There are 2 protein chains.
Amino acid sequence: MGLSKTDNFTTEQNELAAFAKALGHPARVAIIEYLSTQANCVCGSIVDAIPLAQATVSQHLKELKNAGLIQGSIEGNSICYCLNPEKWKKFKQMLEPTFTHIEQPVCC
Amino acid sequence: MGLSKTDNFTTEQNELAAFAKALGHPARVAIIEYLSTQANCVCGSIVDAIPLAQATVSQHLKELKNAGLIQGSIEGNSICYCLNPEKWKKFKQMLEPTFTHIEQPVCC
DNA sequence: CTTCTTTATCGTATTATTGCAATAAGACAA
DNA sequence: TTGTCTTATTGCAATAATACGATAAAGAAG
């Protein structure tokens, strides 16, 4: 139905899915990579770095913000978008069990 | 347009996005968690563990398989789905720079 | 106040995703 | 062969996501 049945799953499962979904687009991956390597966090610089229209980049930033992966703060006339360390720690923590599991594959 | 402009991004960015996108649904998170904790990998057991119709679960399994996060092997009359360790290692490796970066937040 | 800069939102077209019933396809058993 | 069990595929309806031009909103600069 195009509508995810989130009620059938745990809060944690939904949160992990939300993190992953937010990262599930190359433009948003590029934004995160940019923020991980650049000291510059001004919105306009991100827009310049991503090969999409300003409106589209703004939309992607909004989704990353909604998922909590980035946070925005007003910096004079512009806006500074930065990674949200706590959410990323949680994201990492939720992936850890699977990352650990694949070290000793037990299956077929 | 509903069509991702993947051409504008690197192969790596697209691959990371594909991994993340595959994990971007609670049902698929639940499947991965199941495979990370259960020794049982038979398709039917997964279907039983996920509160969705068989056809829907089969579709989610297909997406995880397309992304490479799981692999299926014929096991007698049924099919065994397991995590693909190599792809998960790559996934982890691609997230590492950001996981590392958030240890020393340098931004606003 | 006016203008410019910066970012967000709206409207819209297009395509993708989700979900399930129904059905198909394949292997195995009798 | 016939039936059963297991998994995949098809077809469809409903909803979500992607992209961008146009426009709005809010400050800064003059």
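Every value quoted in this text rests on a predicted model; they were computed, and no experiment measured them. Sequence lines set the chain letters: A, B, ... in the order given, protein chains first and strands last, and positions in each chain run from 1.
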Rounded to whole Å, please give me the gap between NE2 in His60(B) and P in dA8(D).
14 Å
Considering only side-chain heavy atoms of Ile79(B), which listed nucleotide, dC20(D), dA8(D), dT6(C), is closest?
dA8(D)
If I take atom CG in residue Asn77(A) and atom C1' in nucleotide dT6(C), what distance separates them, rounded to the nearest angstrom?
5 Å
So Leu52(B), base contact, sugar-phosphate only, or nothing? Heavy-atom distance under 4.0 Å.
sugar-phosphate
Would you mind telling me which residue lines up with the more 5' stretch of DNA chain D, Ser4(A) or His25(A), judged by nearest nucleotide?
Ser4(A)
Can you measure Gln59(B) atom CD to dA14(D) atom C1' for me and round it to whole angstrom units?
14 Å
Rounded off to whole Å, could you give me the CD1-to-P distance for the Ile46(B) and dT7(D) pair?
9 Å
Glu63(B) has an atom CD; how far is it from atom P of dT17(C), in whole Å?
6 Å
Figure out the OH/P separation between Tyr81(B) and dT7(D), and round it to whole Å.
8 Å
Determine, for cysteines Cys43(B) and Cys80(B), whether their SG atoms are under 2.5 angstrom apart.
no
Whole angstrom is fine here: how far is it from CG in Asn8(A) over to P in dC20(C)?
8 Å
Which class fits the ring pair Trp88(A) and Phe99(B): parallel under 30°, tilted 30 to 60°, perpendicular over 60°?
perpendicular
How many whole angstroms separate atom CD1 of Ile70(A) from atom C1' of dT7(C)?
13 Å
Heavy-atom nearest nucleotide on DNA chain D taken for Arg28(A) and for Ala55(A); more 5' hit belongs to Arg28(A)
